[in-house]
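Before any comments, here is the structure.
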Amino acid sequence: MILVIAEKNDAAKQIARLLSESGKPKNDKVYDTPIYRFRRGGEDWVCIGLRGHILAPDFPTALQYAPDQGWFSVTEDGEVLPASVPENLDRPPFSGANQVTKAGKPKKPFTADGVDIKGWKVPSLPYLVWAPVEKKPAEKGIIRALKNLAKKADEVIIATDFDREGELIGSDALAMVRDVNQTAPALRARYSAYTKQEIEHAFDHLVELDQDLADAGESRQYIDLIWGAALTRYLTMAKFGGLGNVRSAGRVQTPTLALVVAREKERQAFVPEDYWVITGACSKGGEPFKVGHTKGRFWKKDEADAAWARVQDAKQATVTDVAKKSRKAQPPAPFNTTSLQAAAAAEGLAPGRTMRIAESLYMDGLISYPRVDNTVYPSSLDLKAQVKMLKGVPAYGPACDKILAGGQIHATRGKQESTDHPPIYPTGVGDPDKLDPAAWKLYNLIARRFLATLMDAAVIEGTKVSLDINGEPFSAAGDVLAYPGYRLAYPYGMKKDEQLPELATGDVVAVDSLSLDAKQTEPPARYSQGKLIQEMEKRGLGTKSTRASIIDRLFDVKYLKNNPVEPSQLGMAVIEALHEYAPTVTTPEMTSELEESMTHVAEGGLTESQVVDQSRALLAGMMDSLIEHKDDLGNAISDAVTADARVGTCPKCGKDLVVKDSPRTRSRFIGCMGWPDCDVTYPVPGRNGDKIEPLDEPCPECGAPRLRVKPFRSKAYEQCVNPQCPTNVEEDVVVGTCAACAEAGRHGDLVAHKSERTGKRFIRCTNYDECGTSYPLPARGKLSATGETCEHCGAPVVEIETERGPWRICVNMECPGKAEKKAAPRGRGRRASK
DNA sequence: GCAAGGTC
């Protein structure tokens with residue numbers, strides 16, 4: 001039997017299909033892992049797909065020391081791994097007097113045998129830097145299936161992806177095979193497209209596995225782990241902030257954070273400049289249009305004033321020139337991962353979320369493989385068939401017909417061409433009623449993008465009108481979509497038409513309004529998540545598969561907040577600290593230098609251990625100075641954490657009030673840093689996921705801090721944190737009678753009132769102990785009784801003054817009337833919907 | 001409780 005090992009199930013399926021003589025391999029399973037059996041050249045073949053890397057590098061639990069053999073560790077399997085601990089550390093650390101407890105026992109993290117490197121103790125970190133790394137099984141089910149097949153294999157073919165990580169994945173898989181089968185010859189198939197010709201050719205021209213290339217990949221793994229683990233443990237333990245408060249660092253995440261911090265510093269250093277503009281509106285025959293002084297920005301106030309003095313009382317303007325120019329907007333290139341993430345981010349989907357949704361659309365057969373660099377459709381892709389298929393989505397009908405009517409289909413091409421996977425395109429018919437709104441949004445974007453890449457350029461007719469107002473030059477510009485082209489399918493990011501009335505040189509038009517406005521230049525904008533992804537790609541940080549999750553990680557460890565992306569005080573402090581003592585890890589150069597080293601390993605000039613040890617030595621020097629400055633750094637970090645949590649000043653004792661986590665009740669509250677001397681606490685306003693931001697001025701009524709609360713997907717409001725504050729007092733309102741109590745033959749009033757303890761308002765029956773009736777408030781705002789009861793459930797109907805005006809609603813959140821409303825089709829986004 | 005890279 002010939003065993004073929006692919007990188008993923010999807011690839012295994014394709015390879016089996018293309019190699020099998022019948023074209024129909026037999027689906028089978030070993031334990032839970034799908035495999036594909038087929039016949040070829042008179043032999044039985046089996047193809048298995050892995051799940052990417054099946055082994056993960058990790059540290060052993062302890063470093064041991066023996067006078068005759070130095071430092072070493074022992075794996076679970078009893079294998080002895082020597083550590084490359086250098087001379088200055090090459091002695092048992094527990095011999096030092098300060099490393100021993102009063103009782104004479106060695107201090108943690110040092111054990112009698114050596115160093116406990118599993119505990120995250122700072123003194124163990126110099127040893128961690130030199131600890132051996134072992135490969136542990138990460139995909140036990142797959143490994144079990146692989147070994148089961150390998151036992152029976154007469155020949156093994158590694159058919160993982162044709163790149164460095166693929167070579168490493170294949171090499172790890174071969175190591176697993178060798179555990180159970182030492183004799184079967186193993187060869188490598190190298191292919192870069194799932195086409196019959198390419199796959200046949202690869203399997204007819206098998207080569208040796210490139211161990212140097214795999215070693216290059218493994219050095220990358222080791223260096224990332226060693227630096228990441230050592231720096232993460234250091235940052236976390238320099239000032240331990242309690243469980244679940246990991247402060248991470250890494251070759252990709254730290255330079256990415258540094259980008260955001262650098263932009264924030266630029267903004268802080270920005271000095272706004274004053275300028276003035278003169279703008280207004282003119283009209284011809286009642287049709288208004290916008291005009292502006294051709295100077296645009298006046299940088300000198302006297303010049304602006306002089307121009308303003310000439311035009312401020314003007315009633316008429318004369319058209320001095322009309323220039324028309326049409327321009328073409330070319331259709332966009334096919335989507336790869338990065339361009340999809342950027343486009344989806346502009347539609348409100350963060351890259352991490354985009355990838356999670358894309359994965360599920362892919363699994364449901366609605367889109368092609370979502371992790372690609374390629375932006376050129378392969379010739380093997382039947383574009384016409386895909387368009388015909390997309391006619392199944394009613395909204396795409398007109399665009400599909402237009403494409404199909406044009407005869408030969410021409411697709412746009414992007415700059416990146418590789419042949420591993422096609423660009424991202426729709427492979428199935430999506431249904432807006434079956435997909436959840438976010439999934440539909442992404443599918444719709446992908447499908448429309450695909451159609452757009454097959455359509456004509458759009459033509460925009462631009463008109464530039466020059467006007468004279470009392471001797472001052474003004475202009476007006478109009479843009480009209482004259483021919484929609486690809487815009488018929490792809491309205492994303494489209495500007496609204498700026499329509500001008502029909503104007504000719506010499507026309508005299510009315511000046512309706514003019515104004516002189518003082519403005520200031522703006523600091524450089526913060527990164528959106530889409531822009532940050534693009535910036536990472538530009539600087540060689542991360543890969544298409546990792547960038548989104550690395551940004552998510554920076555949010556998880558609270559280095560980043562908000563969108564557009566902003567660093568927290570903690571994020572800034574971490575960058576400052578690492579910039580000072582471990583600058584290597586804060587810049588993209590670490591990645592480019594690593595790439596260079598890996599090239600040396602792949603070409604055989606350097607060995608894996610040479611490159612890794614070099615990197616360990618560099619880190620060791622930095623770790624020494626980090627440990628030397630541990631207290632400074634720990635304090636800077638804990639100050640930053642406090643600053644991030646700070647909401648204001650305690651009105652009682654003047655110390656900081658901060659948001660604290662109550663581990664006991666798993667909830668948050670606002671407490672005084674002066675605790676236990678000061679007992680001031682407040683509830684956190686709003687609901688749990690709401691974003692809160694402290695306001696500069698304390699409450700004028702009670703002196704407690706005021707916060708800006710931004711609930712998810714609704715408008716922000718400002719509120720004093722003190723529930724007893726007069727600004728927060730809301731009278732109890734009787735909204736109706738309790739139906740449950742009436743049924744039980746007693747009387748109960750439903751009253752909207754506020755909890756003393758939490759400051760949250762809710763509706764509750766005066767006989768709550770007996771009937772248990774209570775409702776949350778349907779919305780924030782002044783509430784009044786209407787005397788009406790709900791036609792669906794009999795609960796009282798109240799009126800609430802919301803920001804959008806008065807709103808009548810039944811107080812019962814489980815009211816069947818609400819369920820009906822929810823099931824009814826809702827209006828979708830502004831554009832590009834069904 | 002660490003990274004980054006694959007993939008689910």
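Lettering of chains follows the sequences in order, A, B, ..., and the numbering in each one begins at 1.
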Sorted by first residue and then second, give each side chain to side chain donor-acceptor pair (under 3.5 Å) pair with at least one member in residues 572-582 of chain A; sequence neighbours left out. A/Lys265-A/Glu576
Heavy atoms only, 4.0 Å cut-off, all strands: where does A/Asp163 land among base, sugar-phosphate and nothing? nothing
Assign A/Thr160 to base, sugar-phosphate, or nothing according to its heavy-atom contacts below 4.0 angstrom with the strands shown. nothing
For A/Asp172, salt bridge (charged side-chain N to carboxylate O under 4.0 Å, His left out) partners two or more places apart: A/Lys135
Flag side-chain contact, heavy atom, 4.5 Å: A/Arg17 against A/Tyr194: no
Sugar-phosphate only, base, or nothing, as touched by A/Tyr369 at under 4.0 Å among non-hydrogen atoms: sugar-phosphate
Across the strands shown, which category fits A/Ser545 at heavy-atom distances under 4.0 angstrom: base, sugar-phosphate, nothing? base
Contact class for A/Arg371 (heavy atom, under 4.0 Å): base, sugar-phosphate, or nothing? base
Would you kindly compare A/Asn9 and A/Leu128 by the position of their nearest DNA chain B nucleotide and give the one closer to the 5′ end? A/Leu128
Does a side chain donor of either A/Asp639 or A/Thr642 reach within less than 3.5 Å of an acceptor in the other side chain? no
With a 4.0 Å cut-off on heavy atoms, is A/Gly52 in touch with a base, just the backbone sugar-phosphate, or nothing at all? base
Go nucleotide by nucleotide along DNA chain B from the 5' end; which of A/His421 and A/Phe59 gets its closest nucleotide reached first? A/Phe59
When we call it a touch if two heavy atoms are under 4.0 Å apart, what does A/Arg51 touch: a base, just sugar-phosphate, or nothing? base
Got a sec? Which of residues 225-232 of chain A come in under 4.0 Å of DNA chain B, heavy atoms? A/Leu225, A/Gly228, A/Ala229, A/Thr232
Pairs satisfying side chain to side chain donor-acceptor pair (under 3.5 Å), at least one member in residues 157-166 of chain A, at least two apart: A/Lys8-A/Asp161, A/His53-A/Glu165, A/Thr160-A/Arg188, A/Arg164-A/Glu595, A/Glu165-A/Arg220
Any chance the side chains of A/Ser248 and A/Gln253 put a donor and an acceptor closer than 3.5 Å? yes
If only side-chain N and O atoms count, and only distance matters, is there a donor-acceptor pair under 3.5 Å linking A/Asp215 with A/Gln211? yes
Counting the atoms with a prime plus P, OP1 and OP2 as sugar-phosphate, which does A/Gly542 contact under 4.0 Å by heavy atoms, base, sugar-phosphate, or nothing? sugar-phosphate
Contact class for A/Ser248 vs. all strands (heavy atom < 4.0 Å): base, sugar-phosphate, or nothing? sugar-phosphate
Mind checking if A/Gln253 touches a base, just sugar-phosphate, or nothing, with heavy atoms under 4.0 Å? sugar-phosphate
Can you see whether A/Thr236 engages A/Trp120 through a side-chain donor-acceptor pair at a distance of less than 3.5 angstrom? no
Identify the 5'-most and 3'-most nucleotides of DNA chain B with at least one atom closer than 4.0 Å to a non-hydrogen atom of chain A. B/dG1 to B/dC8
Are A/Thr75 and A/Glu134 close enough that a side-chain donor and a side-chain acceptor fall under 3.5 Å? no
Using a 4.0 Å heavy-atom cut-off, does A/Met355 contact any base of the nucleic acid, only the sugar-phosphate backbone, or nothing at all? nothing
Does A/Glu7 reach a base, just sugar-phosphate, or nothing at all? Heavy atoms under 4.0 Å. sugar-phosphate
Please list, chain by chain and in numerical order, all residues satisfying salt bridge (charged side-chain N to carboxylate O under 4.0 Å, His left out) with A/Arg144, sequence neighbours excluded. none
Within the 4.0 Å heavy-atom criterion, would you say A/Asp161 contacts the bases, only the backbone, or no part of the nucleic acid? sugar-phosphate
